[in-house]
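Notes follow once the structure below has been shown.
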Amino acid sequence: MQWTISRFQGRHPVMHSAAVRPMLQDHSGMLLLMTYGGIQLKLAGKDEPIALRRGELAYLPPGSQPSVVQQEGKVYELYVLGFTVDRDEIRQLELPAAHQSLKTIRYDWMLERFRTLAEEDKERLSNSTIRGWGIVLELLALWSRENSTGAAAPATARHLERMKEFIQDRYREKVTKEDLGRCIGRTPNYAATLFRQGTGQTISGYVHTQRMKTAVYMLTESLLTIEEIADYLGYGEVSYFQRIFRRSFGMPPSHYASRHE
């Protein structure tokens with residue numbers, strides 16, 4: 001297997017180089033996504049640890065051998081994606097030789113992709129490894145793009161956050177570029193272009209992502225039927241909801257609904 005993913009969480013520094021090293025080959029890099037709290041990471045050959053906070057995405061080159069040096073008692077959650085770098089597609093990305101981190105403006109999308117990758121790794125369905133590589137390459141390509149362009153201007157970042165908050169409050173409804181344009185006081189086309197550049201998704205794609213996050217929660221935690229959940233989330237046809245769900249997670253909603261039966 002040329003990629004692997006793990007999630008570390010809790011109050012103790014359970015992530016250490018001895019735990020990470022067996023899941024990787026000699027020529028492997030890592031992509032880390034901090035989803036809760038914060039940690040200090042010690043890298044091989046580096047005297048000073050690097051700090052990671054919620055929403056930050058970090059790339060570690062081969063040989064980094066990270067270990068957590070934070071104090072016990074602090075809750076955190078971290079996804080660690082390991083992958084071999086000796087592939088033609090990854091060489092074309094020209095990943096940096098030293099570690100680099102950034103606060104990603106695509107956090108929601110990145111988190112959804114990391115979770116989907118973890119699901120593929122857990123379920124090991126047909127062609128999971130191939131689908132996983134597609135996700136890995138997409139994550140690395142967008143991280144590389146965001147890393148090369150630098151941080152968004154303060155006004156741009158505010159517009160993005162305002163549009164995401166607008167969608168979060170109304171994702172069960174139809175959200176258009178006209179709605180987002182009015183939300184930030186700009187033209188519809190400007191809002192749509194900024195949203196796609198900032199999140200890596202179209203407006204409708206982001207709306208579907210928010211709906212799918214709620215769908216998974218409702219399928220696993222509520223007693224509602226698939227039909228009722230589809231209607232609650234604004235899908236007029238159950239078949240359309242099922243198609244979007246399968247496209248997002250690689251499996252039908254009934255797979256999640258059956259887990260608590």
Side-chain angles (χ1 to χ4, degrees), residues 1 3-85 90 93 95-122 132 135-136 138-152 157 160-161 164 199-200 213 217:
M1 193 175 193
W3 63 264
T4 185
I5 187 167
S6 294
R7 184 180 68 162
F8 298 91
Q9 61 178 162
R11 295 180 178 274
H12 305 285
V14 296
M15 177 186 171
H16 51 83
S17 57
V20 176
R21 196 178 303 119
M23 71 184 195
L24 301 172
Q25 301 298 320
D26 291 338
H27 301 291
S28 297
M30 295 184 220
L31 197 64
L32 283 64
L33 179 66
M34 199 77 212
T35 59
Y36 189 84
I39 59 172
Q40 297 281 328
L41 276 181
K42 181 72 170 62
L43 305 182
K46 302 291 183 181
D47 294 330
E48 295 296 324
I50 62 172
L52 282 182
R53 298 290 181 265
R54 182 185 182 278
E56 291 186 336
L57 193 66
Y59 168 71
L60 305 183
S64 297
Q65 299 180 15
S67 59
V68 173
V69 295
Q70 72 169 72
Q71 295 180 347
E72 294 188 10
K74 294 185 178 180
V75 178
Y76 71 94
E77 181 181 67
L78 172 71
Y79 279 93
V80 179
L81 168 61
F83 55 91
T84 54
V85 299
I90 293 181
L93 295 176
L95 296 173
H99 78 271
Q100 293 189 26
S101 61
L102 57 85
K103 188 171 181 63
T104 178
I105 58 176
R106 299 183 175 93
Y107 175 74
D108 291 326
W109 181 86
M110 290 283 185
L111 177 56
E112 184 271 331
R113 302 312 283 161
F114 269 85
R115 285 175 173 168
T116 300
L117 195 58
E119 192 71 25
E120 288 290 330
D121 184 52
K122 178 181 178 181
I135 296 173
V136 171
E138 190 176 22
L139 284 166
L140 288 171
L142 287 181
W143 175 86
S144 180
R145 180 185 298 172
E146 191 173 347
N147 188 57
S148 63
T149 57
L160 282 171
E161 287 305 311
K164 289 193 288 185
T199 66
K213 288 164 60 177
Y217 175 79

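Keep in mind it's a predicted model, so treat the numbers as computed, not measured.
- Atom CH2 of W143 is separated from atom CG of L81 by 12.5 Å, given to the nearest 0.5 angstrom.
- A 4.5 Å side-chain heavy-atom check between I5 and E120 finds every atom pair outside the cut-off.
- The two residues L31 and F83 make their nearest non-hydrogen contact at N-CE2, 3.9 Å.
- Distance CD/E146 to CZ/R106: 5.0 Å, rounded to 0.5 Å.
- Annotation for L78 and L33: closest pair CD1-O, 3.4 Å, computed over non-hydrogen atoms.
- Of all non-hydrogen atoms in R54 and Y107, the two that sit nearest each other are NH2-CE2, 3.4 Å.
- Listed for the S28 side chain is no donor-acceptor partner under 3.5 Å among the backbone atoms of G82.
- Annotation: the span from I39 atom CD1 to L32 atom CG amounts to 7.0 Å, rounded to 0.5 Å.
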Between E112 and R115, does the salt bridge (charged side-chain N to carboxylate O under 4.0 Å, His left out) criterion hold? Intermediate values first, please. CA-CA 5 Å; E112 184 271 331; R115 285 175 173 168; over 6 Å; no

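- For the residue pair E56/S101, the side-chain donor-acceptor check at 3.5 Å is not satisfied.
- One finds the CG atom of L57 at 11.5 Å from the OG1 atom of T35 (value rounded to the nearest 0.5 Å).
- Among all heavy-atom pairs drawn from D47 and K42, the shortest one is O-CE, 3.7 Å.
- Checked against W109 for a side-chain contact (heavy atoms from CB on, under 4.5 Å), the options L139, T199, T104 give a single hit: L139.
- When atom types are taken as modelled, the side chain of S64 and the backbone of P61 share a donor-acceptor pair closer than 3.5 angstrom.
- Summarising the geometry of L52 relative to A58, their closest heavy-atom pair is CD2-CB, 3.8 Å, with the distance given to 0.1 Å.
- Here the shortest heavy-atom pairing between A141 and L93 reads CA-CD2, 3.9 Å.
- With rounding to the nearest 0.5 Å, the separation of CE in M34 from OH in Y79 is 12.0 Å.
- A donor-acceptor contact shorter than 3.5 Å links the side chain of S148 to the backbone of S144.
- Within the model, atoms NZ of K213 and CG of D108 stand 4.5 Å from one another, a figure rounded to the nearest 0.5 Å.
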